Amino acid sequence: MFDLTGKTALITGGNSGIGLGMAEGLAKCGCDVAIWGRNAEKNAQAVETLSTHGTKVSAYICDVTSSAAVNDTFAAILNDHGRVDGCFANAGFSTPNSGFDQSEDAHWQQMIDINLNSAYYVLRAAAAHMRERAEGGDRFGRLVGTSSIGALNGMPRNQHYAAAKGALISMIRSLAVEYARYGVTAHSILPGFVETPLTDESFASQAFADKVLPRIPARRLGQGSDFSAIAAYIMSDASAWHTAQDFIIDGGYMVF
């Protein structure tokens with residue numbers, strides 16, 4: 001049911017954390033994967049890990065906040081792999097403000113560029129490719145954005161991040177409607193508190209341990225591997241009639 005042989009997926013921010021977890025789930029099911037990341041060493045390590053599953057793996061350095069860089073790197077994938085069946089816009093980053101009324105324009109713009117504009121650039125490139133394939137008779141595509149439960153909850157000192165992730169959900173829903181005629185589905189993934197290289201420092205605080213961990217019914221933080229199965233399901237033919245879903249993966253945090 002979840003055999004992905006012959007399919008190719010692009011995962012931005014795919015060299016660690018949630019992105020790598022999704023890439024591993026896809027590769028284990030036979031999917032070729034192309035990961036984007038800005039760190040060459042981490043890219044190489046991820047390729048080594050993913051290559052153990054026997055599928056074609058490639059890695060690219062790309063500044064996803066640059067429309068031109070995204071278009072050029074997407075073209076490189078098509079040259080190397082021939083097609084992109086699934087696009088997981090996963091790259092993101094958060095640095096809190098000291099306070100909303102003290103925030104600076106440059107910081108706001110940086111967070112919007114990284115967490116929203118980057119997804120717009122890569123999903124736009126993928127959507128165009130999928131539409132063109134469908135018009136030639138090859139109807140299949142998956143557009144996925146990694147949002148956050150922060151898009152649904154109040155995030156003091158993180159309004160820029162919450163705004164970007166909330167806008168991403170709205171964009172994905174609109175893509176689901178527009179591209180359904182081409183056999184393309186679109187989904188948002190909303191992680192809860194997940195251990196990644198970007199969260200290690202903030203999660204190490206005693207305040208976090210005292211206030212947040214007790215509110216996670218699963219009694220643990222998420223891991224990148226917790227996102228392997230959802231990626232495989234979305235990429236599979238089994239999910240063909242399932243679209244515009246906001247997948248909350250948070251160990252039960254939102255319902256407790």
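Note that the structure is a prediction, hence the values are computed from the model and not measured.
Side-chain contact check for I216 versus F256: every heavy-atom pair is 4.5 Å or farther apart. A 4.5 Å side-chain heavy-atom check between N117 and T65 finds every atom pair outside the cut-off. A heavy-atom distance below 4.5 Å is found between the side chains of H242 and H187. Side-chain atoms of K165 and L152, non-hydrogen and from C-beta on, never get closer than 4.5 Å to each other. At a threshold of 4.5 Å between non-hydrogen side-chain atoms, the residues R220 and D226 count as touching. Using a 4.5 Å heavy-atom threshold, the side chains of D138 and R83 count as touching. At least one side-chain heavy atom of L221 sits under 4.5 Å from a side-chain heavy atom of F208. Within the 4.5 Å cutoff, the side chain of T243 has no heavy atoms near those of the Y179 side chain.
Closest heavy-atom contact between M111 and S94: SD-CA, 3.9 Å. In this structure, F140 and R142 approach most closely via the heavy-atom pair CE1-NH2, 3.3 Å. Heavy atoms only, all atoms of each residue included: F88 and M22 are closest at CD2-SD, 3.9 Å. Shown here for P217 and Y253, the closest heavy-atom pair between the two residues is CD-N, 3.7 Å. Between I149 and G192, the closest heavy-atom pair is CD1-CA, 3.7 Å. Annotation for V122 and C87: closest pair CG2-SG, 3.7 Å, computed over non-hydrogen atoms.
Listed by first and then second residue, the side-chain hydrogen bond (donor to acceptor under 3.5 Å, both in side chains) pairs involving residues 66-82 are S58-H81, Y60-D80, S67-R124 (not counting sequence neighbours).
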| message | Run the side chain to side chain contact (heavy atoms under 4.5 Å, CB included) test on L213 and F193 for me, step by step, so that the C-alpha distance in whole Å, both residues' side-chain angles and the decisive distance to 0.1 Å come before the verdict. | response | CA-CA 9 Å; L213 282 178; F193 294 93; over 6 Å; no
| said: Evaluate Y182 against R133 for side chain to side chain contact (heavy atoms under 4.5 Å, CB included), listing each step before the verdict. | reply: CA-CA 9 Å; Y182 303 115; R133 280 207 342 263; over 6 Å; no
| task | Decide yes or no on side chain to side chain contact (heavy atoms under 4.5 Å, CB included) for L20 and L50, but give the supporting numbers first. | result | CA-CA 9 Å; L20 182 57; L50 295 168; 4.0 Å; yes
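Taking a 6.0 Å sphere around CZ of R181, one finds it holds 12 or fewer heavy atoms contributed by other residues, nucleotides or ligands. By the 6.0 Å contact criterion, CD on Q102 is enclosed, its count of non-hydrogen atoms from other residues, nucleotides or ligands being greater than 12. Heavy-atom neighbours of E48 CD from other residues, nucleotides or ligands within 6.0 Å: at or below the threshold of 12.
Evaluated for a side-chain contact (heavy atoms from CB on, under 4.5 Å) with L123, the options L143, V70, V144 yield exactly one hit, L143. Here the options are I248, I249, T146, D250, the test is side-chain contact (heavy atoms from CB on, under 4.5 Å), and the partner is L190; only I248 passes. Remark: of the listed residues T8, V184, L4, T8 is the sole one forming a side-chain contact (heavy atoms from CB on, under 4.5 Å) with D85.
W241 and M235 are members of different hydrophobic clusters when ILVMFWY side chains are connected at heavy-atom separations under 4.5 Å. In terms of hydrophobic clustering, with Ile, Leu, Val, Met, Phe, Trp and Tyr side chains grouped at heavy-atom distances under 4.5 Å, Y120 and L175 are assigned to a common cluster. Under the 4.5 Å side-chain contact rule for hydrophobic residues, L10 and Y121 share a cluster. W36 is connected to L78 through a chain of hydrophobic side-chain contacts under 4.5 Å among Ile, Leu, Val, Met, Phe, Trp and Tyr, so both are in one cluster. Both I35 and V194 are assigned to one and the same hydrophobic cluster, defined by single-linkage of ILVMFWY side chains at heavy-atom distances under 4.5 Å.
Between the side chain of N39 and the backbone N or O of K42 there is at least one donor-acceptor pair closer than 3.5 Å. Panel note: side chain H107, backbone T95; a donor-acceptor pair is recorded below 3.5 Å. Using modelled atom types, one side-chain atom of R219 and one backbone atom of P214 make a donor-acceptor pair closer than 3.5 Å. Formation of a donor-acceptor pair under 3.5 Å by the D113 side chain with backbone atoms of S118 is not found in this model.
Interatomic distance, C31 SG to D3 CG, rounded to the nearest 0.5 Å: 10.0 Å. Between the CD1 atom in I11 and the CZ atom in F227 there is a gap of 14.5 Å [rounded to 0.5 Å]. The CD atom of E135 sits 5.0 Å away from the CZ atom of R131 when rounded to the nearest 0.5 Å. The CD1 atom of I189 lies 8.0 Å from the CG atom of N90; values are rounded to the nearest 0.5 Å.
Judged purely by distance below 3.5 Å, without hydrogens or angles, the side chains of D105 and Q109 never pair a donor atom with an acceptor atom.
Taking the charged nitrogens against the carboxylate oxygens, D32 and K56 have no contact shorter than 4.0 Å, which rules out a salt bridge.
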Quick one: side chains of residues 166-174, donor-acceptor pairs under 3.5 Å with protein atoms, not counting sequence neighbours, listed by atom name and distance.
{"unit_1": "R173", "atom_1": "NH2", "unit_2": "D246", "atom_2": "OD2", "d": "2.4"}
{"unit_1": "S174", "atom_1": "OG", "unit_2": "S170", "atom_2": "O", "d": "3.2"}

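Relative ring orientation between Y233 and F247 is described as perpendicular, the plane-to-plane angle rising above 60° on a 0-90° scale split at 30° and 60°.
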